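None of the values given here were measured: they were computed from a predicted structure.
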Amino acid sequence: MEKLYFALVDTPGLFAYMIRKVIGIDYIHVVLSMDEELEEAYSVGRRNPAIPIFAGFEKEDAEKIEMKFPTARYRIVSIECTSEQKQNIANQLKECFEQRFHYHYCVLGLPMLLCNIPFYQKNHYTCSSFVANILENNGIELFDKHFSLVTPRDFYELENTEVVYEGSLHKFNEICLRYPKQNVGIFKQAVQKISYVMNGAM
């Protein structure tokens with residue numbers, strides 16, 4: 001068996017505050033990743049972390065996100081899948097990224113979501129509906145509802161997941177050794193990385 005990873009993101013801001021009020025939890029964004037360090041991680045969200053009104057399909061950049069939101073918190077969980085499912089999803093994510101400007105945030109779907117009415121506009125998704133849809137298309141059906149009605153809360157409440165990490169994005173980036181300018185010896189880096197992979201959450 002292989003693993004897929006979901007990063008649930010808690011960031012500040014007015015738009016995040018409104019979403020938080022609606023779904024009732026702090027984590028308001030969902031990212032799908034092929035690895036636990038979020039090197040190959042994708043979502044429907046801000047194209048630029050500083051500009052919420054321009055949103056679409058993008059590859060996540062943890063360092064850029066931390067620069068804009070230094071207090072951001074992440075909860076990263078894993079689920080099991082087959083090797084074939086993981087490879088197919090990885091290929092589809094790369095295809096989506098190549099065509100990323102054809103994908104947009106589903107603004108029209110938000111009032112429908114509040115009314116619990118399924119709604120799909122071609123190539124328009126929320127962060128959570130995109131992840132739910134691509135999983136469903138690959139035989140991973142986690143939710144007993146239409147993908148357009150899935151919210152970050154549904155991912156937060158998923159059973160049979162393993163928590164890989166929960167805490168500040170800054171600490172996570174440190175664990176993943178994303179700060180090469182730090183004076184950390186090669187041996188210490190190796191020990192830190194092995195500890196992270198073996199033990200998961202700090």
Side-chain angles (χ1 to χ4, degrees), residues 2-21 23-52 55 57-81 86 89-90 93 97 126-128 130-131 135 142 151-202:
E2 296 280 354
K3 290 185 177 181
L4 294 169
Y5 300 86
F6 306 134
L8 297 162
V9 184
D10 171 19
T11 54
L14 178 60
F15 189 62
Y17 172 80
M18 291 188 293
I19 297 176
R20 197 174 288 114
K21 283 294 185 181
I23 65 176
I25 61 172
D26 289 336
Y27 297 104
I28 49 85
H29 182 55
V30 180
V31 179
L32 176 59
S33 180
M34 297 295 100
D35 59 274
E36 62 187 314
E37 295 186 349
L38 309 185
E39 294 290 344
E40 287 295 327
Y42 301 87
S43 75
V44 173
R46 301 182 184 198
R47 297 197 184 279
N48 184 317
I51 307 175
F57 187 83
E58 284 297 326
K59 185 175 181 178
E60 295 283 308
D61 188 321
E63 286 186 79
K64 286 184 178 179
I65 294 171
E66 183 188 344
M67 289 176 63
K68 176 58 183 175
F69 303 112
T71 62
R73 289 179 53 83
Y74 272 49
R75 176 184 173 92
I76 302 171
V77 302
S78 66
I79 63 166
E80 291 189 341
C81 66
K86 183 166 185 174
I89 289 173
L93 288 173
F97 184 67
T126 62
C127 61
S128 47
F130 175 84
V131 177
L135 293 175
L142 301 177
T151 72
R153 186 182 187 92
D154 293 306
F155 284 93
Y156 182 81
E157 295 177 344
L158 269 179
E159 298 180 353
N160 300 319
T161 62
E162 179 184 354
V163 178
V164 175
Y165 175 82
E166 186 164 16
S168 72
L169 175 57
H170 176 74
K171 181 64 176 177
F172 179 72
N173 282 336
E174 281 188 333
I175 292 170
C176 295
L177 308 178
R178 292 198 168 104
Y179 304 114
K181 292 182 180 180
Q182 289 183 332
N183 186 21
V184 180
I186 294 175
F187 178 76
K188 187 175 180 180
Q189 289 186 22
V191 171
Q192 287 177 333
K193 200 149 193 173
I194 290 171
S195 175
Y196 170 65
V197 172
M198 294 293 292
N199 299 320
M202 299 297 289

Student: Looking at side-chain heavy atoms only, is the closest gap between Lys59 and Glu40 below 4.5 Å?
Tutor: yes
Student: Hey, could you give me the CD/SG distance between Glu37 and Cys176, rounded to the nearest 0.5 Å?
Tutor: 4.0 Å
Student: So do the side chains of Val44 and Phe57 get within less than 4.5 Å of each other, counting heavy atoms only?
Tutor: yes
Student: With a 4.5 Å cut-off on side-chain heavy atoms, are Phe6 and Leu158 touching?
Tutor: yes
Student: Between atom OH of Tyr165 and atom NZ of Lys171, what is the distance when rounded to the nearest 0.5 Å?
Tutor: 7.5 Å
Student: Counting C-beta onward and ignoring hydrogens, is there a side-chain heavy-atom pair between Val164 and Val77 closer than 4.5 Å?
Tutor: no
Student: So, Asp154 side chain and Thr151 main chain: donor-acceptor pair closer than 3.5 Å or not?
Tutor: yes
Student: Between Arg20 and Asp10 (salt bridge meaning N to carboxylate O under 4.0 Å), is one present in this structure?
Tutor: yes
Student: I need the Leu169 CG to Ile65 CD1 distance, nearest 0.5 Å.
Tutor: 6.5 Å
Student: Where the side chain of Lys86 meets the backbone of Lys3, is there a donor-acceptor pair that is under 3.5 Å apart?
Tutor: yes
Student: So, taking the atom named OH in Tyr5 and the one named CD in Glu36, what distance separates them when rounded to the nearest 0.5 Å?
Tutor: 4.5 Å
Student: Check Phe97 against Glu58 and note the closest heavy-atom contact, atom names and distance.
Tutor: CE1-OE1, 4.2 Å
Student: May I ask you to decide whether Glu63 forms a salt bridge with Lys68, counting only side-chain N to carboxylate O separations under 4.0 Å?
Tutor: no
Student: When you look at His29 and Ser43, which way does the side chain to side chain donor-acceptor pair (under 3.5 Å) test go after all the steps?
Tutor: CA-CA 9 Å; His29 182 55; Ser43 75; 3.1 Å; yes
Student: Identify the two heavy atoms, one from Leu38 and one from Asp35, that lie closest to each other, and give their separation to 0.1 Å.
Tutor: N-OD2, 2.9 Å
Student: Salt bridge or not between Glu174 and Arg178? Use side-chain N to carboxylate O under 4.0 Å.
Tutor: no
Student: Which heavy-atom pair separates Leu8 from Tyr156 by the least distance, and what is that distance?
Tutor: CD1-CA, 3.8 Å
Student: Could you tell me the separation between the OG atom of Ser128 and the CD1 atom of Ile28, rounded to the nearest 0.5 Å?
Tutor: 10.5 Å
Student: Decide yes or no for Leu32 and Ile89: does some side-chain heavy atom of the first lie under 4.5 Å from some side-chain heavy atom of the second?
Tutor: yes
Student: Calculate, to the nearest 0.5 Å, the distance between atoms OH and CD belonging to Tyr74 and Glu166 respectively.
Tutor: 13.5 Å
Student: Carefully, step by step, assess Val31 and Val9 under the rule side-chain contact (heavy atoms from CB on, under 4.5 Å).
Tutor: CA-CA 8 Å; Val31 179; Val9 184; 4.1 Å; yes
Student: With side chains defined as the heavy atoms from C-beta onward, is the minimum distance between Tyr42 and Glu60 less than 4.5 Å?
Tutor: no
Student: Which heavy atom of Arg73 sits nearest to which heavy atom of Tyr27, and what is that distance?
Tutor: O-CE2, 3.9 Å
